[in-house]
Amino acid sequence: MAIFSKSNVPQFSVEVYQNEYLPEGGREVNAIVTVTSTGGGTTGGEPLSDVPGSGSRGPGRGPDAAVVLMVDCSGSMEYPPTKMRHARDATAAAIDTLRDGTRFSVVAGTHVAKDVYPGDGALATADAGTRAQAKEALRGLSAGGGTAIGTWLRLADRLLGAADVDIRHGVLLTDGRNEHESPKDLRAALDACAGRFTCDARGVGTDWEVKEVTAIASALLGSADIVADPSGLSADFTRMMEDVMGKEVADVALRLWTPVGVEIAFVKQVAPTVVDLTGRRTAAGPRAGDYPTGSWGDESRDYHVCVRVPEAGIGQEMLAVRVSLILPAAAPGEPPRPLSQGLVRAVWTDDMAASTSINPQVAHYTGQAELAQVIQQGLDARKSGDFDGATAKLGRAVQLASASGNADTAKLLSKVVDVVDAATGTVRLKAKVAEADEMTLETRSTKTVRVKK
């Protein structure tokens with residue numbers, strides 16, 4: 001069992017990378033904002049008791065956390081019979097990785113959701129005894145019934161919502177399509193759960209819908225991946241739970257404040273994966289809005305912020321946007337707590353070299369976002385029979401992956417196309433592609449490589 005001894009929350013830092021110079025009349029300002037959290041549990045962090053809403057954990061303990069493990073138990077999990085066994089083993093491995101004191105539950109998902117452990121509509125507290133009981137309860141999981149993922153998420157939300165903890169997290173495993181509820185029902189469930197807990201989603205085998213699983217992870221600020229061979233589930237679940245147990249602080253928001261006349265064009269997480277946060281803004285006072293980032297441990301992420309500023313003349317400058325990291329208020333009536341901030345500027349110049357220079361970080365992540373987009377477009381075109389369109393888009397993807405040094409994505413692309421010339425994006429579609437290879441490329445298309453700064 002993994003042991004974590006963390007009693008501090010991380011220190012947050014914000015770094016801004018941009019070309020601040022605009023030509024006369026220029027309006028678009030782009031910046032890459034790197035957010036880094038360090039020192040959670042080692043040095044440099046602040047005691048949890050000093051952070052609003054976190055309480056005192058005592059020595060050697062991490063923040064309180066609650067986890068709900070949602071296991072697909074629909075009829076398709078019976079084929080092959082080893083799939084259900086591997087799912088039970090993976091869930092047991094995740095339970096073994098829980099830190100003592102973590103609140104947890106196991107939900108069996110079919111066309112309904114059932115709390116199978118502890119089974120009383122509450123959460124158990126992890127210790128040697130409850131882990132053993134939970135693993136014994138897993139023996140009773142069997143395949144049968146349909147798939148209605150929204151009901152699983154709503155039950156997880158009820159269980160997690162009743163826990164007075166810092167970190168709320170779900171893990172969802174499915175092997176099939178969400179056939180027993182409408183897309184509208186699933187969307188409504190995701191909307192209801194967004195901001196209440198984070199969730200990692202996994203598809204096992206090759207009979208599930210990539211866009212459903214990635215949409216779940218995106219909406220709930222978690223990771224999505226494929227485990228094509230069920231025998232790999234235990235290792236994957238162990239890694240996932242180790243990551244969750246390393247989280248130190250939840251509900252951190254990226255707050256953007258803009259002067260009068262400045263408009264937000266978009267806000268995207270661009271590393272470690274591409275996630276569009278533009279539509280998730282919540283108002284935070286005059287000209288300020290918060291964008292959710294989920295839970296943090298010791299890690300670093302990059303965000304692309306694009307704003308439109310008013311036109312101005314040569315020699316003028318202005319603050320385009322102030323970027324802050326914010327913890328929510330500990331109690332009603334108390335202010336939220338700023339963790340760190342950075343400034344994005346705009347300066348108008350007649351120096352052509354300065355105003356036309358593209359910041360390397362901005363250029364890199366613009367390419368990574370395009371890479372994710374053209375992979376999706378290429379695979380969609382291939383599925384629809386538009387092979388010329390697929391060749392063009394996937395060729396562009398090969399070119400971008402090669403230029404940016406994204407070796408992992410380049411390797412996945414090589415299983416779908418024969419690469420003639422990576423530099424020019426000249427490719428041929430493979431006549432036969434394994435379904436698992438195509439699904440892996442689609443699922444992992446948003447994974448990016450960090451720029452060297």
Side-chain angles (χ1 to χ4, degrees), residues 12-36 254-272 274-278 281 286-291 293 300-325 338-374 396-397 399-406 422-425 448-453:
F12 282 83
S13 65
V14 172
E15 296 176 274
V16 174
Y17 300 89
Q18 68 163 133
N19 175 18
E20 61 196 29
Y21 294 103
L22 298 176
E24 185 174 12
R27 295 193 59 203
E28 185 171 281
V29 179
N30 288 276
I32 298 301
V33 178
T34 295
V35 178
T36 303
L254 190 71
R255 176 168 294 179
L256 303 186
W257 179 90
T258 54
V260 173
V262 176
E263 302 171 353
I264 304 290
F266 62 78
V267 181
K268 296 178 182 178
Q269 178 185 288
V270 289
V274 178
V275 182
D276 193 345
L277 301 175
T278 311
R281 175 188 174 100
R287 301 191 302 280
D290 287 351
Y291 298 83
T293 68
S300 183
R301 305 178 200 170
D302 291 335
Y303 298 87
H304 186 170
V305 175
C306 177
V307 300
R308 296 187 185 95
V309 296
E311 291 186 18
I314 299 302
Q316 291 188 274
E317 60 180 270
M318 70 175 292
L319 173 64
V321 59
R322 184 173 66 230
V323 182
S324 305
L325 269 294
L339 299 171
S340 187
Q341 74 172 26
L343 304 178
V344 179
R345 300 172 66 237
V347 180
W348 284 265
T349 180
D350 56 3
D351 183 335
M352 186 66 70
S355 65
T356 58
S357 175
I358 300 176
N359 178 269
Q361 282 78 13
V362 173
H364 175 82
Y365 285 121
T366 299
Q368 293 290 284
E370 184 189 354
L371 173 59
Q373 182 181 49
V374 293
R396 175 60 175 158
Q399 185 181 37
L400 288 166
S402 174
S404 65
N406 195 329
T424 62
T448 58
V449 61
R450 298 295 294 273
V451 66
K452 294 180 180 179
K453 297 170 181 171

Is there a side-chain contact between N30 and F266, using heavy atoms and a 4.5 Å cut-off?
yes
Taking all heavy atoms of P310 and all of V260, pick out the closest pair and write down the distance.
CG-O, 4.3 Å
Does OH in Y21 sit with more than 12 non-hydrogen atoms of other residues, nucleotides or ligands closer than 6.0 Å?
no
Between atom CD of E311 and atom CG of L22, what is the distance when rounded to the nearest 0.5 Å?
11.0 Å
Just by distance, do the side chain of N19 and the backbone of A354 share a donor-acceptor pair under 3.5 Å?
yes
Contacts of type side chain to side chain donor-acceptor pair (under 3.5 Å), residue D290, not counting sequence neighbours:
R255
CG of L256 to CD1 of I264: how many Å apart, nearest 0.5 Å?
5.0 Å
To the nearest 0.5 Å, tell me how far N359 CG sits from Y365 OH.
11.5 Å
Is it true that a side-chain atom of R287 and a backbone atom of T258 form a donor plus acceptor pair closer than 3.5 Å?
yes
Short side-chain to backbone donor-acceptor contact, S324 and P338, under 3.5 Å
no
Do any pairs count as a side chain to side chain donor-acceptor pair (under 3.5 Å) and have a residue in residues 343-352, sequence neighbours left out, and if so which ones?
E20-R345, E317-R345
Check: A271 main-chain N/O paired with D302 side-chain donor or acceptor under 3.5 Å
no
Tell me whether the count of non-hydrogen atoms from other residues, nucleotides or ligands lying under 6.0 Å of CG in L343 goes above 12.
yes
With side-chain contact (heavy atoms from CB on, under 4.5 Å) as the test, pick out the partner of H304 among V267, I32, V274.
I32
Do you know which of Q399, Q368, E370 makes side chain to side chain donor-acceptor pair (under 3.5 Å) with S404?
Q368
Check the surroundings of atom CZ in R308: do more than 12 heavy atoms from other residues, nucleotides or ligands lie under 6.0 Å from it?
no
T293 backbone acceptor or donor facing R301 side chain under 3.5 Å
yes
